[in-house]
Amino acid sequence: MQSTAEVKLGPVLIRVNWFVVAGIVLTATGFIRLGIWQLDRASEKMALQAAMQQEQQKEAINIEDIIITGDGTIPNLHVTLAGEYINDKSFLLVPQSYNGQLGFGVITPFRLQNSNRIVLVDRGWITVASGAKLNFGLVVGARQLTAQIHLRSSSPGADERPDASSWPVQIRRLDVDVISEILGEDIFPYPVRLNEDQPGVLIRHWTAVTANSNAKISYAIQWFVFAAAIVIVSLFTSSNIVSVLRKKEAP
């Protein structure tokens, strides 16, 4: 079997090398598959965005009314808390960077007034200049807070037990089990992040959670363009289309 052939379509002559054609088909197909995969990812992002918007429309509920299922599912991320800060038992999450400065994330336990259970309240971020005294403010007395439950309460890996001989205690990651052991009390399994203008809130440095599908769609279009480009370029380089077009444009 010959590896080359010529196909004539009117004035256009196409020289076909079957090995090259096979390579072009495989490459273009690969690009198209990547584009379809990106579209699938975009569809997932859209579904997630819709779920997030639905979640944001829910009214905040009392955190003491939340019942967590066996798989960790909770009915609402928007919560209210009534109780008091345990000001003398704060934790400093290090290192935390914000606007090019190093500082600390401040986690202060909050005792609920009805159940007496403790919730870890992520108050935000502070920086401390060299030699300056650490001061993130005390919030005394009963308070009503609104916050959002942060489901990613810890990261994998094991740290050495933090030194709890003096307060505030510095920690490298927020591990609810470790903090529960240090405090010697039962703790709500997820920390909460304060909303704006809440008692005790610091600089809210957390990255907003988004599910933007635009990037995935752009990537999909890019892969489809690559697939089309390789076919078009191959067609032009293996035929006399350019010379035919030039003859038609000539007076």
Side-chain angles (χ1 to χ4, degrees), residues 55-56 58-69 72-96 98 103-128 132-155 159 161-209:
E55 176 65 37
Q56 290 172 358
K58 293 181 179 179
E59 294 185 2
I61 64 174
N62 192 322
I63 197 169
E64 297 190 81
D65 295 334
I66 288 180
I67 299 176
I68 302 177
T69 63
T73 302
I74 57 177
N76 200 335
L77 297 180
H78 303 277
V79 293
T80 60
L81 304 85
E84 294 187 39
Y85 282 110
I86 306 176
N87 290 290
D88 59 343
K89 299 293 183 182
S90 288
F91 295 83
L92 301 179
L93 189 60
V94 295
Q96 296 274 302
Y98 180 72
F104 305 100
V106 178
I107 313 295
T108 302
F110 188 87
R111 190 179 298 281
L112 301 175
Q113 66 180 15
N114 293 330
S115 64
N116 212 39
R117 196 178 191 186
I118 288 177
V119 178
L120 298 178
V121 176
D122 191 340
R123 297 168 57 184
W125 178 89
I126 60 170
T127 185
V128 180
K133 183 179 179 181
L134 182 65
N135 181 17
F136 44 82
L138 301 180
V139 184
V140 180
R143 300 287 173 167
Q144 181 87 20
L145 308 178
T146 60
Q148 296 206 18
I149 293 175
H150 182 46
L151 296 180
R152 299 184 63 182
S153 58
S154 62
S155 55
D159 291 332
R161 182 185 173 90
D163 180 9
S165 60
S166 62
W167 295 88
V169 173
Q170 293 190 15
I171 55 176
R172 294 193 175 277
R173 65 187 183 96
L174 205 169
D175 189 315
V176 172
D177 293 334
V178 170
I179 294 178
S180 176
E181 186 179 346
I182 292 174
L183 296 177
E185 298 199 48
D186 178 42
I187 294 180
F188 187 78
Y190 303 109
V192 300
R193 289 175 168 176
L194 286 179
N195 290 346
E196 294 179 345
D197 301 324
Q198 294 301 299
V201 71
L202 301 170
I203 297 175
R204 301 175 73 252
H205 66 302
W206 314 294
T207 303
V209 179

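- Contact check for Tyr85 versus Val139: side-chain heavy atoms found under the 4.5 Å cut-off.
- Using a 4.5 Å cut-off on side-chain heavy atoms (C-beta onward), Tyr190 and His150 make no contact.
- Heavy-atom minimum distance, Leu194 versus Pro199: CD1-O, 3.8 Å.
- For Leu81 against Ala147, the heavy-atom pair with the smallest separation is CD1-CB, 4.1 Å.
- A side chain to side chain contact (heavy atoms under 4.5 Å, CB included) with Phe91 is found for one member of Ile182, Asp122, Leu174 and no other, namely Ile182.
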In a table with atom names and distances, give each donor-acceptor pair under 3.5 Å that connects a side chain of residues 103-112 to protein atoms at least two apart or in another chain.
{"residue": "Thr108", "atom": "OG1", "partner": "Ser90", "partner atom": "OG", "Å": "2.8"}
{"residue": "Thr108", "atom": "OG1", "partner": "Arg123", "partner atom": "NH1", "Å": "3.1"}
{"residue": "Arg111", "atom": "NH1", "partner": "Asn116", "partner atom": "O", "Å": "3.1"}
{"residue": "Arg111", "atom": "NH1", "partner": "Glu185", "partner atom": "OE1", "Å": "2.9"}
{"residue": "Arg111", "atom": "NH2", "partner": "Glu185", "partner atom": "OE1", "Å": "3.3"}
{"residue": "Arg111", "atom": "NH2", "partner": "Glu185", "partner atom": "OE2", "Å": "2.7"}

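- A 4.5 Å side-chain heavy-atom check between Thr80 and Gln144 finds at least one atom pair inside the cut-off.
- To the nearest 0.5 angstrom, Ile86 atom CD1 is 9.5 Å from Trp167 atom CH2.
- Annotation: side chain of Val79 is in contact with side chain of Val192 (closest heavy-atom distance under 4.5 Å).
- With values rounded to the nearest 0.5 angstrom, Lys89 atom NZ is found 13.0 Å from Ile179 atom CD1.
- The side-chain heavy atoms of Asp197 and Val201, taken from C-beta on, include no pair separated by under 4.5 Å.
- The main-chain N or O of Val140 is found under 3.5 Å from a side-chain atom of Arg143 such that the two form a donor-acceptor pair.
- Under the 4.5 Å side-chain criterion, counting only non-hydrogen atoms from C-beta, Leu120 is in contact with Val176.
- Remark: Ser115 engages Glu64 in a side chain to side chain donor-acceptor pair (under 3.5 Å) (not counting sequence neighbours).
- Between atom CG of residue Leu93 and atom CD1 of residue Ile171 there is a gap of 5.0 Å, rounded to the nearest 0.5 Å.
- A side-chain N or O of Thr146 and one of Asn195 form a donor-acceptor pair less than 3.5 Å apart.
- How far CG of Leu202 is from CD1 of Ile126: 6.5 Å, rounded to the nearest 0.5 Å.
- Side chains of Arg193 and Arg204 form no contact here, defined as non-hydrogen atoms less than 4.5 Å apart.
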